[in-house]
Amino acid sequence: MILWTYDLDDGCYRARLMAGLAGVPLALRAVDMIPGRAHLAPDMLARNPRGTLPVLEDGDLVLTQLPAILAHLARAGARGQAFLPGSPRERAACEEWLAFAFGDAAAAAAARRAALFGPEDPAPAARAARAALRLADDHLTRQGFAGAGFLAGAAPSIADVALFPAFALSRDYGVDHDEFPALRAWARRLRGLPGFLTMPGIPDYH
Amino acid sequence: MSAGWTPLALARDIPPGAAAGAVLDGAEIVLWRDATGAIHAWEDRCPHRGMKLSFGFVKGDRLACLYHGWEYDGGGRCRHIPAHPELDVPASIRTNAHAAAEALGLVFVHVAAGPDLPPPPTDPGDPVTPLRSLFLDADAEEVAAALARGLPGLGPARVSGGGVLRSVEQGGHRLHAGLHRIGPARAALHLTVAGAAGGAALDRIARAAEAFRRAVEGGAAAA
């Protein structure tokens with residue numbers, strides 16, 4: 001599979017992280033998104049008319065929506081099946097929190113983009129992102145009381161991969177980790193998984 | 001309650017190998033626990049270039065700064081500078097260490113270590129079940145006033161204590177509630193349950209704590 005990617009984009013990171021955790025080898029193709037705007041050049045638009053990154057190519061299948069990309073990568077990897085819960089309750093919880101990651105927590109990516117690249121004021125999106133992180137922290141706190149360490153249950157799922165950068169990169173938009181002890185513990189658990197990888201802004205503890 | 005000792009976190013939330021930031025009356029503090037289980041509290045500032053030590057990571061019995069990897073031992077003394085690996089680091093390069101102690105499942109800090117500290121809070125040694133820390137966008141005084149009525153939905157409450165530590169008897173449980181002022185309109189409540197408590201009870205109390213936060217912040221916003 002080929003992934004068209006930009007190193008500083010958190011969406012591209014989610015795809016690379018999922019591939020790493022699932023054990024799916026990816027051929028990476030770097031796209032000069034900033035400042036080159038190469039994702040909007042004719043060759044990339046021919047590949048993905050939406051003009052977004054990442055773009056995943058699996059033979060003649062082209063995927064551009066992250067929820068689809070994450071699920072496809074999970075299915076493709078030896079370790080990936082475990083990231084797609086089978087039981088009805090856990091599957092529902094996974095879909096709930098996947099939607100949260102791309103819905104409520106979308107403000108995190110917007111806040112970060114504004115803070116790092118401008119031109120908008122990141123403050124309103126940062127406030128919304130903080131509210132989303134609080135909800136996730138509350139949920140993970142209660143999950144802990146039920147013996148579950150991840151969003152959808154005792155095992156990590158694509159929902160955890162989808163939400164991770166919103167917390168891990170929160171300092172980029174001015175929200176520190178002090179007030180989210182459950183998210184900190186969750187992040188430590190994710191870091192310990194085989195195939196975990198980072199991006200600029202997420203420390204590689206050496 | 002020993003004067004000057006303030007609860008800043010749940011002991012559970014700073015496990016061995018973890019570092020985290022906390023702010024007390026505007027002062028930035030790093031809390032970290034080494035591999036032996038000892039808890040440390042320092043000014044959250046690397047003496048090299050001022051980077052927050054809470055962004056760093058624990059390596060065994062040392063805390064490493066994220067910026068240039070300078071490593072500090074439990075006493076706050078710098079022991080390793082990666083750019084100069086053969087250097088015997090001068091003893092003058094050290095962090096500003098505060099005093100830390102644990103009781104009732106909470107981490108207490110006294111800013112400014114020294115020989116004339118008041119005694120740390122004593123732990124009677126009774127079992128304690130950690131619940132959660134609650135961070136509120138409200139003045140500490142408001143949180144304290146609201147806490148006098150207990151947590152919403154758990155029934156009548158009997159609240160005793162004062163200052164930074166209260167006891168909340170409600171719904172068949174007794175909670176230890178540590179209160180700390182982060183800054184103007186920002187406070188934290190650190191909650192542990194006396195004795196054992198099962199998952200269902202903890203879930204119920206945690207939801208009541210979330211409702212408490214909503215009520216206090218809703219009131220603060222309306223003020």
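Computed from a predicted structure; not experimentally measured. Naming convention: chains lettered A, B, ... in sequence-line order (proteins, then strands); numbering from 1 in each chain.
Put simply, CZ on B:R213 and CG on A:D138 are 4.0 Å apart, with the number rounded to the nearest 0.5 Å. Interatomic distance, CG of A:D137 versus CG of B:L134, reported as 10.0 Å (0.5 Å rounding).
Put simply, the side chain of A:R134 gets close to the backbone of B:F135: a donor and an acceptor are under 3.5 Å apart.
For the side-chain contact (heavy atoms from CB on, under 4.5 Å) criterion with A:F145, the lone passing option out of B:T129, B:L131, B:I205 is B:L131.
At most 12 heavy atoms of other shown residues, nucleotides or ligands fall within 6.0 angstrom of atom CG in B:D88. Shown here is B:R149, whose CZ atom has no more than 12 heavy atoms of other residues, nucleotides or ligands within 6.0 Å.
In this structure, no portion of B:R204 lies under 4.5 Å from any heavy atom of chain A. Heavy atoms closer than 4.5 Å to chain A are found in both the backbone and the side chain of B:V23.
Listed in order of number, the residues of residues 159-196 of chain A that approach chain B to under 4.5 Å between heavy atoms are A:R171, A:D176, A:D178, A:E179, A:P181, A:R184, A:R188.
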